[in-house]
Amino acid sequence: MKQYFLFLVFIFFNSCQYFDKQIPSEKELLQKELKSINWKEVDEYPSVLDCEKIEDKKQRQQCFFEILTQLIQEKLSVDTLSVLYPELDTIEVKVTVFPNATMQFEPQFPKDSVAYDKIKIDSILKARLVDFPKINPAIKRGIPVKTQFILPVILKVE
């Protein structure tokens, strides 16, 4: 019985070290978590209803880009861009998808480009690129986030 009692006392005093562990502060835990997050990538890319059934992340992203590019090309194909600028066959459009599922389009031109009336092209884009199907915004850690990407849009298909 005496050995049993000594064994319990030994266990009791050694178990106290398990309670002495330092608990990291809230700020340290937050900083560690923030450093572990990859802010350059989202968990889910923006998507349209037609792409929702695709499970693979990369294929869903590709589907979204293809559908969006096709919609932009269709909306701009009936416009005067090809008449005003016959030499312009492709335009790069910066697309911003906001967390509230709205979109913004900005034409991207080379820095040294003076051949185009940037204001006129921008106004044509804003007038034509409306009434898109519902876009689901990108998701990062369960929260809708803003995303931006540049799509090359072909204006002339020969």
Can you name the side chain to side chain contact (heavy atoms under 4.5 Å, CB included) partners of Glu26, sequence neighbours left out?
none

Listed by chain and number, what are the side chain to side chain donor-acceptor pair (under 3.5 Å) partners of Thr147, not counting sequence neighbours?
none

Mind checking whether Leu71 and Pro133 have side chains closer than 4.5 Å, heavy atoms only?
yes

Run through the side-chain heavy atoms of Ile, Leu, Val, Met, Phe, Trp and Tyr, join any pair under 4.5 Å, and report what else lands in Val42's cluster.
Tyr45, Val145

Got a sec, which residues hit side chain to side chain contact (heavy atoms under 4.5 Å, CB included) with Ile139, two or more places apart in sequence or on another chain?
Glu44, Pro144

Could you note down all residue pairs passing disulfide (SG to SG under 2.5 Å) where residues 25-54 supplies at least one of them, sequence neighbours left out?
Cys51-Cys63

Per the side-chain hydrogen bond (donor to acceptor under 3.5 Å, both in side chains) rule, what does the pair list look like for residues 56-65, sequence neighbours excluded?
Gln62-Glu66

Which pairs would a plain distance check flag for residues 29-37, meaning a side-chain donor or acceptor within less than 3.5 Å of a matching protein atom at least two apart in sequence or in another chain?
residue: Glu33; atom: OE2; partner: Arg141; partner atom: NH2; Å: 2.8
residue: Ser36; atom: OG; partner: Glu33; partner atom: O; Å: 2.7

So the ring-ring contact (aromatic ring centres under 6.0 Å, His included) pairs with at least one residue in residues 123-143 (sequence neighbours excluded) are Phe105-Phe132

I'd like to check the ring pair (Phe, Tyr, Trp, His ring centres under 6.0 Å) partners of Phe65; sequence neighbours left out, ordered by chain and number.
Phe149

Contacts of Thr69 that satisfy side chain to side chain donor-acceptor pair (under 3.5 Å) - sequence neighbours left out
none

Are Met103 and Phe98 co-members of a hydrophobic cluster defined by side-chain heavy atoms under 4.5 Å apart?
no

Output for pair (Ile67 CD1, Asp50 CG), nearest 0.5 Å, gives 4.5 Å

Would Ile54 and Val48 show up in the same hydrophobic cluster when neighbours are defined by side-chain heavy atoms closer than 4.5 Å?
no

What's the shortest heavy-atom distance between Ala101 and Ile135, and which atoms?
CB-O, 3.1 Å

Got a sec, which residues hit side chain to side chain donor-acceptor pair (under 3.5 Å) with Lys134, two or more places apart in sequence or on another chain?
Asn136

Could you pull out the closest heavy-atom pair between Gln104 and Glu106, with the gap in Å?
NE2-OE2, 3.4 Å

Partners passing side chain to side chain contact (heavy atoms under 4.5 Å, CB included) against Gln148 (at least two apart in sequence or in another chain):
Lys94, Thr96, Lys146

